[in-house]
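Working notes, beginning with the structure itself.
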Amino acid sequence: MSTRIAFLKGHGTENDFVIIPDPDNAIELPPAAVAALCDRRAGIGGDGVLHVVRSAAHPDARHLADRAEWFMDYRNGDGSIAEMCGNGVRVFARYLQHAGHVGEGDLAVATRGGVKTVHIAEAEAGGEITVGMGKALLPEGDVTVSVADHQWPALNVNMGNPHAVAFVDDLSEAGTLYEPPLFRPASAYPHGVNVEFVVARGPRHVAMRVHERGAGETRSCGTGTCAVAVAAARRDGVDPAVTGAPVTYTVDVLGGRLVITERPDGEIEMTGPAVIVAEGEFVSEWLETAIP
């Protein structure tokens, strides 16, 4: 007998997600099921799945339950597990607000990349959501990325998940991004990497394209925009830890615009929109038959 399972669709600067509310962690989501849900032709379609679970109910987040009631069990579009998703956190928070679990103001969200602080602005202030993304780590060692005949040096930035940020002359040089860009050395990213290609648009203003591991090119990547802002600040000689002053970059993505601020203590904040666009149900029987 089939069971009806509730879902929602949402996006943050057009990085879109299937949202599965499951407070008690009762729904099994093996990788094949996630991939089926994210299939844009045979499924619901999305860059990933936001599995909404109470922290106390999930083995990966029970140790965080005293700090954050809700756990974002995030999965990439191919079903693989990711440590963090910046746009996903904003959409996750918007869902909690939409469902009446939280209101405007501050909340904490548990992720595999740690507990993230979130602020939902009042509607009168634009309703945008700001996420405390933590500090960037800059692992040592030279990294290069390449697409076809193009090769660039890249900055290795870890935002709870790995990024390689390359500055290019034109975003078209990144090609179609159907396949993951190559990188060296292989030891820099043993579990794969998100690769950002960046061009300058003006003072403290850049634009980017991104290939996300497990998803391909996406319209936006929240942790990627943070990594790009960090890389741009180092390139421009305005590292807040050195200057003692916060620095803010506007980062244009294919799906819109995000504003990233890095503070002298290294803490990074990301501000942008998050939208719930639809909600409905699918039957478990469909999901079972959709899994190869």
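- Listed by chain and number, the residues in a ring-ring contact (aromatic ring centres under 6.0 Å, His included) with H150 are W152 (sequence neighbours excluded).
- N15 and R219 get closest at one heavy-atom pair: N-CB, 4.4 Å.
- Taking each heavy atom of V247 and P240 in turn, the nearest pair found is CG1-CG, 3.4 Å.
- You'll find the side chain of F183 reaches within 4.5 Å of the side chain of V193, heavy atoms only.
- Using cut-offs of 30° and 60° on the angle between ring planes, the pair H58 and H51 is perpendicular.
- For the pair L96 and V52, the minimum side-chain heavy-atom distance is below 4.5 Å.
- Other residues, nucleotides and ligands contribute at most 12 non-hydrogen atoms within 6.0 Å of the CZ atom of R184.
- E281 CD: more than 12 foreign heavy atoms inside a 6.0 Å radius.
- Checking each of V228, V147, V210, V165 against F197 for a side chain to side chain contact (heavy atoms under 4.5 Å, CB included) leaves exactly one that passes, namely V147.
- Under the 4.5 Å side-chain heavy-atom criterion for ILVMFWY residues, a single connected hydrophobic cluster contains both W286 and I20.
- Rounding to the nearest 0.5 angstrom, the gap separating the CE atom in M159 from the SG atom in C221 is 10.0 Å.
- Judged purely by distance below 3.5 Å, without hydrogens or angles, the side chains of H11 and N87 never pair a donor atom with an acceptor atom.
- Residues E279 and H98 bring a donor and an acceptor atom of their side chains to less than 3.5 Å of each other.
- The local environment of CG in D149 is sparse, with at most 12 non-hydrogen atoms from other residues, nucleotides or ligands closer than 6.0 Å.
- More than 12 heavy atoms of other residues, nucleotides or ligands lie within 6.0 Å of CD in Q151, so this atom counts as buried by the packing criterion.
- Side chains of N161 and Y74: a donor-acceptor N/O pair is absent below 3.5 angstrom, by distance only.
- Around CG of D39, the count of heavy atoms belonging to other residues, nucleotides or ligands within 6.0 Å exceeds 12.
- Other residues sharing a hydrophobic cluster with V275 under the 4.5 Å side-chain heavy-atom criterion for ILVMFWY residues are V277.
- For the pair K116 and M133, the tightest heavy-atom approach, listed with the atom from each and the gap, is NZ-O, 3.5 Å.
- Other residues, nucleotides and ligands contribute over 12 non-hydrogen atoms within 6.0 Å of the CD atom of E104.
- Exactly one of R40, R75, R213 qualifies for a salt bridge (charged side-chain N to carboxylate O under 4.0 Å, His left out) with D47. That residue is R40.
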